[in-house]
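What follows is a short report on a single structure.
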2 protein chains.
Amino acid sequence: MPENRRPQAPEEKRAEIVAAARELFVDAGYDATPMSRVAATAGVTANTIYWYFDDKDAVLIAVLDAVLADALDQYQSVAAEPIPVRLLWVVRQLQQMSRLVSTVHARAERSPSVASWHDDFHLLTSGLFRSELEAAGAATDGLDAEVMIGVFTIEGLLMHPLGEEEQRAVCDALTARWVPPQSS
Amino acid sequence: MPENRRPQAPEEKRAEIVAAARELFVDAGYDATPMSRVAATAGVTANTIYWYFDDKDAVLIAVLDAVLADALDQYQSVAAEPIPVRLLWVVRQLQQMSRLVSTVHARAERSPSVASWHDDFHLLTSGLFRSELEAAGAATDGLDAEVMIGVFTIEGLLMHPLGEEEQRAVCDALTARWVPPQSS
DNA sequence: ACCTGAACACCGTTCAAGT
DNA sequence: ACCTGAACACCGTTCAAGT
């Protein structure tokens, strides 16, 4: 039985590499995890990864896609909650991957593919944010600016870990901007 | 009387290294500029830098300090302008160094000294922001949250280059929140 | 097609040795 | 003290060669 004839389908092996990279990138960070470590965790040699991916940034993008898919998936569970709760949920969810956030910003400068993933991501989140605001009955003029303030604030929360209290205060202050003053 | 006088004072050589690093880090980025390039630009060998600095992160911090000092210095020229103008000025000023911003976030994960510089920086900017808000007569409860929203929004503007129009809209929307509604 | 060992190019950093 | 040439350790990536 030749050793390189694996019982697994190629897609599974690929998924294993992504899973290994995801864990390592999230826990230790992209820069801090060599390809050799990803490979070892996935049970292959470093250069094997290059059969499945163009380069390290391609692995990063696969990780980002997986994480995003999971997040969107899990979002269903809080979709019915009021806005500030959902906001806080999103922040918590994403905060686990604050390392990925700064990695994306750092790598976007050097890798066009990461840059384009980043652009798409902001398009997506801005869109979600915008429909949230509209559903909440926010004033429609200057909505774009509010959306950006919201997105940037969330990004800031991810990257600068604050206390529980402060996070809630910021989320509340954010929502207070959109929801028209409660007068009944 | 010191007998081994160098043609250059050591402080000058150090400053030259920082100047070279600053230009390269701002233009090409931290990751993209090897120590050898910094050294060559400063007219020394790569390893000479290690006599003046502990490591590459120490050079980065020296660059950050220099940039910050210049920015605070130049701020005097717009100190008298109205808030939104000053805000926009700050964004423009800092946007030239968006590369440094993401570098700080990326390196803060791995280098404690960069992390501590980053913390100090946020303390400083939050303080400035806070006194701006107080001077503008913003409501004092929930001020901390507003300050953070402001800081994060500016950081977001730095890292996600928008059009001129959008930047102004965001800055205006930000200030609209603080300045009490114009009621006659 | 899938995978490997060996090698290349590059980079941050160190060190013994020079002035 | 200040600076260098040479080397070390590490890492992303490639390639000829195997199954």
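Naming convention: chains lettered A, B, ... in sequence-line order (proteins, then strands); numbering from 1 in each chain.
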Could you tell me whether Arg130(B) and Glu134(B) have a side-chain N and a carboxylate O separated by less than 4.0 Å? yes
Given dT13(C), dC3(D), dT4(C), identify the nucleotide with an atom nearest to the side chain of Lys13(B). dC3(D)
So which nucleotide from dC11(C), dG5(C), dT4(D) ends up closest to the side chain of Pro34(B)? dC11(C)
The salt bridge (charged side-chain N to carboxylate O under 4.0 Å, His left out) partner of Arg22(A) among Asp65(A), Asp70(A), Asp27(A) is Asp70(A)
Just the rounded figure in Å: distance from C1' of dC2(D) to CD of Glu11(B). 13 Å
Here the distance between atom C1' of dT4(D) and atom CD1 of Ile17(B), to the nearest Å, is 14 Å
Round to the nearest Å and state the distance from Tyr50(A) atom OH to dC11(D) atom P. 12 Å
Below 6.0 angstrom between ring centroids: does that apply to His105(B) and His105(A)? no
Which nucleotide sits closest to the side chain of Asn47(A): dT4(D), dT13(C), dG5(C)? dG5(C)
Just the rounded figure in Å: distance from P of dG12(D) to OH of Tyr52(A). 20 Å
Tell me the interatomic distance from Trp51(A), atom CH2, to dG18(D), atom P, rounded to whole angstroms. 20 Å
Where the side chain of Val44(B) is concerned, which of dT14(D), dT4(D), dG12(C) is the nearest nucleotide? dT4(D)
Nearest whole angstrom, please: distance from the C1' of dC11(C) to the CG of Asp31(B). 11 Å
Does the structure show a Watson-Crick or G-U wobble partner for dG12(C), both distances under 3.5 Å? Name it, or say none. dC8(D)
What does Thr45(A) touch in the nucleic acid at a heavy-atom separation under 4.0 angstrom: a base, only the sugar-phosphate, or nothing? sugar-phosphate
Point-to-point distance, once rounded to the nearest 0.5 Å, from CG of Asp31(B) to OG of Ser102(B): 9.0 Å
Between atom CZ in Arg14(A) and atom P in dC2(C), what is the gap in whole Å? 12 Å
Complementary nucleotide of dG18(D), counting Watson-Crick and G-U pairs under 3.5 Å: dC2(C)
What's the CG-P distance between Asp57(B) and dT13(C), to the nearest Å? 7 Å
Taking Arg92(A) first and then Glu164(A), would you say they form a salt bridge - that is, a charged N and a carboxylate O separated by under 4.0 Å? yes
